[in-house]
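From a predicted model like this one, the values you see are computed outputs, not experimental measurements. In listed order, ligands and their atoms are each counted from 1.
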Amino acid sequence: MHPHLDTILFHETTILSRLDVLAAQLMSDYVGKELSVVLVLHGGLFFAADLLRRLHLPLRIHSLEVSSYHGTASSGSVTFKQSTLPEVQGRHVLLIDDILDTGRTLSVIRQRLLDECAPASLRTCVLLKKRRAREVEVQADYVGFEIDDEFVVGYGLDYEGEYRNLPLIGTLKREFIHMGA
Ligand code: IMP
Ligand code: MG
């Protein structure tokens, strides 16, 4: 276990078994459809890589980079790092992100894709969903795991840019979280 971790919520084997189930569900829902995945970087990177390799469907992959977190708290605004959106007109879009927290990120991206890209359909898929009241109401159509309202790292999720490459999901020891961050 990484020395900065306090508890482990999900080991890699647990995550990958859950992805087998999610992939089976997606394959049955999207059979015969033109799927375009829109991956939210960088948090959704590992989740999408492992999930999409389990999806035996023809699909295209696009990505968007946004940021909303500062330290361990949501900043309240969602910033797009690029000026263009993916070309998904008439396609069935699956928006993939790492975690549903306040709901702002998924809601803002979802609305922009619907307003500006004219997809045939749009569903959302997250690895984690926090048990808490959303600040913005948004539906996650596919969810890996529900977790308590605590800050987690690993398997794509970061704290100030670190820990994304841990193969598991866990919480950080307090001494590694800078106060006031
Ligand atoms: P929301 O916009 O508040 O729903 O937050 C979504 C984004 O915040 C995610 O894409 C993550 O980048 C980040 N985030 C939310 N909770 C956590 C966490 O517990 N650990 C790391 N990043 C998080
Ligand atoms: Mg993120």
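Put simply, no part of Arg134 is less than 4.0 Å from ligand 1, judged by heavy atoms. Ligand 1 is never approached by Glu135 to a heavy-atom distance shorter than 4.0 Å. In this structure, Ile99 counts as a contact residue of ligand 1, since one of its heavy atoms falls inside 4.0 Å of the ligand.
The contact set between ligand 1 and Thr102, taken as ligand atoms under 4.0 Å from a residue heavy atom, comprises 1 (P), 2 (O), 3 (O), 4 (O). If you number the atoms of ligand 1 from 1 as listed, the ones under 4.0 Å from a heavy atom of Arg104 come out as 2 (O), 4 (O). Distances below 4.0 Å separate heavy atoms of Glu150 from the following atoms of ligand 1: 19 (O). Counting the atoms of ligand 1 from 1 in the order shown, those under 4.0 Å from a heavy atom of Lys130 are 16 (N), 17 (C), 18 (C), 19 (O).
Residues Tyr155 and Asp50 bring a donor and an acceptor atom of their side chains to less than 3.5 Å of each other. Inspection of the Tyr163 and His4 side chains reveals an N or O donor paired with an N or O acceptor under 3.5 Å.
With respect to the salt-bridge test (charged N to carboxylate O, under 4.0 angstrom), the residues Asp20 and Arg54 qualify. Using a 4.0 Å cut-off between charged side-chain N and carboxylate O, Asp6 and Lys173 make no salt bridge.
At least one N or O atom of Gly103 sits closer than 3.5 Å to an N or O atom of ligand 1.
The aromatic rings of Phe151 and Tyr159 sit perpendicular, their planes meeting at an angle over 60°, well past the 30° parallel limit.
Of the listed residues (Val108, Asp98, Ile109, Leu106), the one carrying the non-hydrogen atom nearest atom 10 (O) of ligand 1 is Asp98.
Checking side-chain atoms of Glu65 against main-chain N and O of Phe80 turns up no donor-acceptor pair under 3.5 Å.
Cluster membership for Val136 and Leu95, using ILVMFWY side-chain heavy atoms within less than 4.5 angstrom, is not shared.
With a 4.0 Å heavy-atom cut-off, ligand 1 is reached by the side chain of Asp97 but not by its N, CA, C or O.
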